[in-house]
Each structure stands twice: as C-alpha cells, then as structure tokens.
Visitor: 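Here it is, the structure, as structure tokens.
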Amino acid sequence: MPELPEVETVRRGLAEHVVGRRIADVEIRGARVARRHLPGPDDLVARTRHTSVVDARRRGKYLWLVVADDADQRQALLLHLGMSGQLLVQPPDAPDERHLHARWRFADDGPELRFVDQRTFGGMALADLDDAGIPESIRHIAPDPFEGAYDQAAVVRRLKRRASGIKRGLLDQTVVSGIGNIYADEALWRAGIHAERRSDLLTKPALDRLLTHAREVMTDALGQGGTSFDALYVNVNGASGYFDRSLAAYGQSGMPCRRCGTPIRREHFMNRSSYSCPRCQPAPRGR
DNA sequence: CTTTTCTCCTGTATGC
DNA sequence: TGCATACAGGAGAAAA
C-alpha cells in the first residue's frame, strides 16, 4: 500500500539510478498499464524513446519522470503505484517478473527500469507540465505536507467545512495528498481522534494538530524506508521498509495500545479497515 | 456543488 | 483435498 513515504522512497531511488540517463527503448505489455494514456501505449512509447530523464518528482502518491527530447521539450511520464506497483532497477539479463508491465532500456546499456504490478491498479501516462511544474492531469491533487506549496491553514479551513467523518477528509487527495489508510490511522491515533468524528465539529486547533501528526508520522516512516507488510512494497532495489515495526494502530487489532494498554480494535469503514484505540479514540455519540 | 458508492485486479488466508 | 469467500485498498467514474 504505497503512500507518501513509500512513493518518496521510490522517487529517491529513481533520482539516484535513472535521472541523467537517456532512454533507448520502451516496452509496454498489454493495454491496461497505460490505460490513462488515452492516445494509447504505442503513442507513449513513440514519445518517450530517445528522450533524457532530467528529473524525478512527486506530489502525494503520484510520481513522474521529467523527460526532455533533443529540442529540450519537456513532458512528464506520470506514474502511480496503485496498490501493488513496483518500480525496479534491474540488470538487463534478470529474468522477467511475473507481473512485468513495462520496461525502459537505456542508451548506456546499464540497469533497466521495470514497472511490475500484481493487481495493476497502478499505471502510467504522459502529461504536459504546467507553469508550476505539475502535470496537468493531476491538477486536482492537492499539495502534500512536504511541499512548499502546502498550506496547512487552508487545509484546516477546508476540513472545518466538511460534514463527514474526519478520516474521509484525510484520505481525500483533493484536500491533502499523500495520506492513505495506514498513515491516516496512525495520525488519528497520535491525535486521539476517532475516524468517524465529524470533520466540521472538530476545532481548528485539533485539526491543525492532526495534520501535524500526519506529517510527522510520514516523516518517521520515511526515515525507516516506508512500511512493508509483504513483498508488495519495495524500493527500486527490491528492499522492504521497516516502519511496520513502529505502527501503533494500523494492523494492530488485539495488541495493547502503546499509550494505555487497551486492545486496539478494528472497525469497517469506507470498505476498508480502520484500527484505533477504544479508550484514546472514543467513538462519537449517535453512531 | 458535495459526498458516497462502485469498480478495477490477483494473491493469500480462512471457512465449510 | 477442494472449492467458495473474504480481504488488502488508491483513485476515478458514476450515482445520490
């Protein structure tokens, strides 16, 4: 479940291993992985081969390679890992992965880049960059808490106007991006707020503290290389992150709360699981 | 307009 | 043992 810390870990790997290299060839297998590139996979291949990778950037859970052609016309190769996507830097002679969907070979004949995705919720598309350097197709995605463009007071004002559960707001990528189910639960646990508390009934200071916890828990996770529960999330070298050992709420049902010892509970919410401490995060009345 | 629900996918775990 | 079902959930389309 790659969220901001996991995607940032991957972005750093791309910055180290791919930026500065010239793409010699691109191979896309099947129609699904490039389904959001409306002109089709052949168009994507034709427009990215023989370009140079000049940057690797990220907003929320989206990341993109900035590629430049010989006239220095720049475009974004926009990538999303979805649930199970991996970007792997592999020796050209490494055997194909079971769910290999795309491969980039480079003019230097060095390691190649591969997009592997078991569930294919992830994918790629080409996009134009706007004046701020953001791909046009993700203009609806709000800045994430690590960006200069992030305005926490503005996010607080938006959450203060929403008449729905606070966790929905945390997960809404048009409000604040990068937070998924894991870090939403961790931020809510740190803040002592139940997922279904109404966003507009929380105080602005409480919303501000919650967002600060969200940024801090993602900073902590980034320091551990992200969270891995299984082999589905790995960095570009195939290595797992270690933040799963530090999770206080997510996936911890039955384990004692690290603050008060009460067993962590699991509830169903928005067609997924929510984990919280019954004592530190009391459910709102009238539910 | 805002908010909610549905759908895409496949490997793993669990139940009968 | 074998088959059916639940579950993991990001994001966008569709519905309310």
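Everything quoted here is computed from the prediction, not taken from an experiment. In the text below, chain A, chain B and the rest are named by the order of the sequence lines, each starting its count at 1.
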Visitor: Please state whether the phosphate of B:dT2, meaning OP1 or OP2, lies under 4.0 angstrom from any side-chain nitrogen or oxygen of A:S164.
Guide: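 The answer is no; no side-chain N or O of A:S164 sits under 4.0 Å from OP1 or OP2.
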
Visitor: Provide, to the nearest angstrom, the distance between the CG atom belonging to A:L159 and the P atom belonging to B:dT2.
Guide: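 The distance from CG of A:L159 to P of B:dT2 comes to 14 Å, rounded to the nearest Å.
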
Visitor: Once you round it to whole Å, what is the distance between P of C:dG10 and CD of A:Q118?
Guide: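 So the CD-P distance, A:Q118 to C:dG10, works out to 15 Å.
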
Visitor: Between C:dA11, B:dT4, C:dG10, which nucleotide has the shortest distance from any of its atoms to the side chain of A:R168?
Guide: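 Of the candidates, B:dT4 comes closest.
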
Visitor: Can you identify which nucleotide, out of B:dG11, B:dT3, C:dA11, has its nearest atom closest to the A:R98 side chain?
Guide: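 For A:R98, the side-chain atoms sit closest to B:dG11.
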
Visitor: Checking all strands, does A:R158 fall into the base, sugar-phosphate, or nothing category for heavy-atom contacts under 4.0 angstrom?
Guide: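 No contact.
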
Visitor: Taking the side chain of A:R266 as its heavy atoms from C-beta onward, which of C:dA8, C:dG10, C:dG12 lies nearest to it?
Guide: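 Selected nucleotide (nearest to the side chain): C:dA8.
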
Visitor: Does the side-chain ring of A:F121 sit on the six-membered ring of the C:dG10 base, less than 5.5 Å centre to centre and under 30° in tilt?
Guide: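 Whether judged by distance or by angle, A:F121 passes, so it stacks on the base of C:dG10.
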
Visitor: Using a 4.0 Å heavy-atom cut-off across all strands, classify A:F269 as base, sugar-phosphate, or nothing.
Guide: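 Answer is nothing: A:F269 stays at 4.0 Å or more from every strand.
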
Visitor: Starting at CD of A:E267 and ending at P of C:dA8, how long is that distance when rounded to a whole Å?
Guide: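 Answer to the nearest Å: 13 Å.
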
Visitor: In terms of relative ring orientation, are A:H80 and A:Y62 parallel, tilted or perpendicular, with 30° and 60° separating the classes?
Guide: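 The arrangement is perpendicular - the two ring planes meet at more than 60°.
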
Visitor: Test A:S274 against A:K167 for side-chain hydrogen bond (donor to acceptor under 3.5 Å, both in side chains), laying out the working first.
Guide: CA-CA 9 Å; A:S274 276; A:K167 187 172 173 182; 2.6 Å; yes

Visitor: Look at all strands and tell whether A:T120 reaches a base, only sugar-phosphate, or nothing, counting heavy atoms closer than 4.0 Å.
Guide: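 No contact.
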
Visitor: Do A:E3 side-chain atoms and A:I182 backbone N/O form a donor-acceptor pair below 3.5 Å?
Guide: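 Pair found, side chain donor or acceptor close to backbone of A:I182.
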
Visitor: So does A:R57 have more than 12 non-hydrogen atoms from other groups sitting under 6.0 Å from CZ?
Guide: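 Counting neighbours around CZ of A:R57, 12 or fewer heavy atoms of other residues, nucleotides or ligands fall under 6.0 Å, so no.
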
Visitor: If I take atom CG in residue A:D117 and atom P in nucleotide B:dC8, what distance separates them, rounded to the nearest angstrom?
Guide: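 In whole Å, B:dC8 P lies 16 Å from A:D117 CG.
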
Visitor: Report the nucleotide, chosen from C:dA11, C:dA8, B:dT10, that has the shortest atom-to-atom distance to any side-chain atom of A:Y275.
Guide: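 Among the listed nucleotides, the one closest to the side chain of A:Y275 is C:dA8.
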
Visitor: On the nucleotide C:dG12, are OP1 or OP2 found under 4.0 Å from the side-chain N or O atoms that A:Y62 carries?
Guide: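 So the side-chain polar atoms of A:Y62 do come within 4.0 Å of the phosphate oxygens OP1 or OP2 of C:dG12, strictly under.
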
Visitor: Output the rounded distance in Å from CD (A:Q86) to P (B:dT10).
Guide: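 So the CD-P distance, A:Q86 to B:dT10, works out to 15 Å.
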
Visitor: Rounded to the nearest Å, what distance is computed from the CZ atom of residue A:R198 to the P atom of nucleotide B:dT4?
Guide: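 After rounding, the gap between these two atoms is 10 Å.
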
Visitor: Quick one: label A:R35 by what it contacts on the DNA or RNA (base, sugar-phosphate, nothing), any heavy atom closer than 4.0 Å.
Guide: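 A:R35: no heavy atom of the nucleic acid under 4.0 Å.
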
Visitor: Which residue, A:R162 or A:R272, contacts DNA chain B at a nucleotide closer to its 5' end, judged by nearest heavy atom?
Guide: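 Its nucleotide being nearer the 5' end, the pick is A:R162.
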
Visitor: Just by modelled atom types, is the A:P145 backbone N or O under 3.5 Å from a matching donor or acceptor in the A:Q152 side chain?
Guide: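 No, A:Q152 side chain to A:P145 backbone: no donor-acceptor pair under 3.5 Å.
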
Visitor: Quick check: does any side chain N or O of A:Q173 sit under 3.5 Å from a backbone N or O of A:G178, one acting as donor and the other as acceptor?
Guide: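 Yes.
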
Visitor: Measure CG/A:D172 against P/C:dG10 and give the value in whole Å, please.
Guide: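 Those two atoms, CG and P, are 13 Å apart.
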
Visitor: In whole Å, I'd like the distance from the NE2 atom of A:H80 to the P atom of C:dG12.
Guide: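 Checked: the NE2 to P distance equals 7 Å.
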
Visitor: Counting distance alone, no hydrogens or angles: does the base of C:dA8 have a donor or acceptor under 3.5 Å from a partner atom on the side chain of A:R119?
Guide: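 Under the 3.5 Å cut-off, the side chain and the base do form a donor-acceptor pair.
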
Visitor: A:A163 or A:R32: which one's nearest nucleotide on DNA chain B is closer to the 5' end?
Guide: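 Its nucleotide being nearer the 5' end, the pick is A:A163.
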
